[in-house]
Q: 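Questions regarding the structure given below will be posed in turn.
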Number of protein chains: 2
Amino acid sequence: MDQNKIPQATAKRLPLYYRFLNNLQMQGKTRVSSKELSEAVKVDSATIRRDFSYFGALGKKGYGYNVEYLLGFFRKTLDQDELTEVALIGVGNLGTAFLNYNFTKNNNTKIMLAFDADPEKVGKEIGGVPIYHIDDMEERLGNVKVAILTIPAQEADRITERLVVKGIKGILNFTPARITVPDDVRVHHIDLAIELQALVYFLKHYPLEKMGNEEENTY
Amino acid sequence: MDQNKIPQATAKRLPLYYRFLNNLQMQGKTRVSSKELSEAVKVDSATIRRDFSYFGALGKKGYGYNVEYLLGFFRKTLDQDELTEVALIGVGNLGTAFLNYNFTKNNNTKIMLAFDADPEKVGKEIGGVPIYHIDDMEERLGNVKVAILTIPAQEADRITERLVVKGIKGILNFTPARITVPDDVRVHHIDLAIELQALVYFLKHYPLEKMGNEEENTY
DNA sequence: ATTAAGTCGTGATTAACTTCACATATTCAC
DNA sequence: GTGAATATGTGAAGTTAATCACGACTTAAT
């Protein structure tokens, strides 16, 4: 499928570029340089040029990049012409935050349905997304291939097992549990407690210089 | 401060190790091998041994690691003996999720206060954390050095500026905005929309093999 | 005591990614 | 047109991290 040549680090930055290009177009800008882009997304301009170069020569020397062309290119590359359907498991505070987040706005990714065990929530809608009972998950899931996991950690393994059996191929896991899946299922962990603790650790042990940025700010 | 020799990639994994060691101790286990640890946290066992080795010889050949010793060591290394105070800016769904999350349980990191612009929320408490008006931020912040930003993107720059002036040194930024800060302030971005989009991109363009894991599952 | 099995710590290697630096091409002002 | 300024695309170098593979040591069983 496509060029598998594109480094993963580059792939992770593509959505960021895409979003910012959308902003630029809405502002009516027609051209942009890697330097401008760099300041906006906080990625070194050489890295941006390298990233783009994996897809060929998208820019013009002495000019920069044409916003509309670049945007069209990324739209295709990021499959933005087809809607990606997502399921959300666990309608707590974090889950609710996702339901109220309008991903479709410039992502063409949509949470189609949500599940929870709380009878108070079942049958309601949040952000236009219907909430079903977790027991009905298998029959409701249909052909959805991506799930967001915002449930208590102790439920993670059991629910994951059920998702995998039903054919889910991608899981965005917000539980602290390190879930086990077959080789053909991709899991991205986002562990809020660890992110916070890591930030604190860096603050105490990797002091940044007031001037002369030998170390980068974000990672 | 300490050894700056520890790779950032290692530092990011320390909180993960720490949490799992806590679990082990609660289960009454007294010893653990890098192989066991590897299966639990999904990090290659050689990487774990390498990570630990930056702190000296913590294990014993043919035996593994003593859970209690290791735990005590990491407690010191991760400064778990002193409480780290954190402020939360923006009490929406995402912010509320944080307030209800008991970080202190095994982190010794505590959200001390929260701010919001909504008069409905000001004066209340969530998860034991008092909510103040955003206009009172400067006078209430005191000596807190770390902030979690869960506000709308368009507010991000203005609030960040105020936080920086007040002396905040670390920001966990959940807004899509790429905020600008002086060199001595550290920002970690967690961009939920981008995480989701990146996962979808990987699913479509980097298919995983059912067997023979040439590519890793998590990143 | 001897042996087999287990496990660490690490030198060496490989891999992945970032950044530098510059030849080359384009634009723009006058 | 001409020259100065601007920017790309990329070879090469640098940086960081992951992984291999094995010597050295420990444990435990017989």
Side-chain angles (χ1 to χ4, degrees), chain A residues 3-14 16-17 21 24 29-67 69-70 73 198 202 205-206 212-219, chain B residues 3-14 16-17 21 24 29-67 69-70 73 198 202 205-206 212-219:
Chain A
Q3 264 95 323
N4 264 32
K5 308 283 183 65
I6 292 142
Q8 301 216 3
T10 296
K12 280 194 248 174
R13 284 187 291 265
L14 295 183
L16 182 60
Y17 298 147
L21 288 170
L24 279 186
K29 296 260 275 180
T30 61
R31 61 181 270 192
V32 65
S33 69
S34 62
K35 189 152 163 286
E36 283 175 90
L37 219 41
S38 168
E39 280 154 23
V41 300
K42 317 284 188 201
V43 172
D44 186 273
S45 67
T47 301
I48 292 177
R49 291 199 301 281
R50 175 79 61 192
D51 283 347
F52 288 2
S53 78
Y54 292 116
F55 300 100
L58 303 177
K60 227 194 269 186
K61 302 186 185 199
Y63 174 87
Y65 301 90
N66 177 287
V67 171
Y69 177 75
L70 207 52
F73 185 84
F202 279 118
H205 297 264
Y206 295 69
N213 50 325
E214 46 182 323
E215 194 172 353
E216 244 309 300
N217 240 344
T218 53
Y219 75 95
Chain B
Q3 263 97 323
N4 266 32
K5 308 283 183 68
I6 292 142
Q8 301 216 5
T10 296
K12 279 193 249 172
R13 284 187 290 263
L14 296 182
L16 182 60
Y17 297 146
L21 288 169
L24 279 186
K29 296 260 278 180
T30 62
R31 62 182 270 193
V32 65
S33 70
S34 62
K35 188 151 162 286
E36 283 176 90
L37 220 40
S38 169
E39 280 155 21
V41 300
K42 317 282 187 203
V43 172
D44 185 274
S45 66
T47 301
I48 291 178
R49 291 198 301 281
R50 174 80 64 195
D51 283 346
F52 288 2
S53 78
Y54 292 116
F55 300 100
L58 302 177
K60 226 193 275 187
K61 305 187 182 196
Y63 174 88
Y65 301 91
N66 178 288
V67 172
Y69 176 75
L70 207 53
F73 184 84
F202 278 119
H205 297 264
Y206 296 69
N213 50 324
E214 45 183 322
E215 195 172 349
E216 243 309 301
N217 241 344
T218 53
Y219 71 97

Q: Which residues pass the salt bridge (charged side-chain N to carboxylate O under 4.0 Å, His left out) test with A:Arg50, not counting sequence neighbours?
A: none
Q: For nucleotides 4-9 of chain D, give me one character per nucleotide, 5' to 3': B if any protein heavy atom sits under 4.0 Å from the base, S if the only such contacts are to the sugar-phosphate, - if neither.
A: --BBBB
Q: The test is side chain to side chain contact (heavy atoms under 4.5 Å, CB included); show your working for B:Leu21 and B:Phe73 and say whether it passes.
A: CA-CA 11 Å; B:Leu21 288 169; B:Phe73 184 84; over 6 Å; no
Q: Where the side chain of A:Asp44 is concerned, which of C:dT18, C:dC20, D:dT19 is the nearest nucleotide?
A: C:dC20
Q: Side-chain donor or acceptor of A:Arg50 under 3.5 Å from a matching atom on the base of C:dT18?
A: no
Q: Quick check on C:dT19: is either OP1 or OP2 less than 4.0 Å from any side-chain nitrogen or oxygen of A:Thr47?
A: yes
Q: Step by step, work out the side chain to side chain contact (heavy atoms under 4.5 Å, CB included) result for A:Tyr17 and A:Leu70.
A: CA-CA 10 Å; A:Tyr17 298 147; A:Leu70 207 52; over 6 Å; no
Q: Give the rounded distance in Å between these two atoms: CG of B:Asp51 and P of C:dT10.
A: 13 Å
Q: In whole Å, I'd like the distance from the CZ atom of A:Phe55 to the C1' atom of D:dT10.
A: 16 Å
Q: Within the distance-only criterion (no hydrogens, no angle test), does the side chain of A:Arg31 pair as donor or acceptor with the backbone N or O of A:Gly64 below 3.5 angstrom?
A: no
Q: Backbone N or O of B:Ser33 within a donor-acceptor pair of the B:Glu36 side chain at under 3.5 Å?
A: yes
Q: Atom CD of B:Gln8 and atom P of C:dT18: how far apart are they, to the nearest Å?
A: 13 Å
Q: Go through it in stages, so that I can follow the logic: the residues are A:Ile48 and A:Tyr65, the test is side chain to side chain contact (heavy atoms under 4.5 Å, CB included), and I'd like the CA-CA distance, side-chain angles, deciding distance and then a yes or no.
A: CA-CA 11 Å; A:Ile48 292 177; A:Tyr65 301 90; 5.5 Å; no
Q: Just the rounded figure in Å: distance from C1' of D:dT27 to CG of B:Asn66.
A: 15 Å
Q: Between C:dT7 atom C1' and B:Leu37 atom CG, what is the distance in whole Å?
A: 13 Å
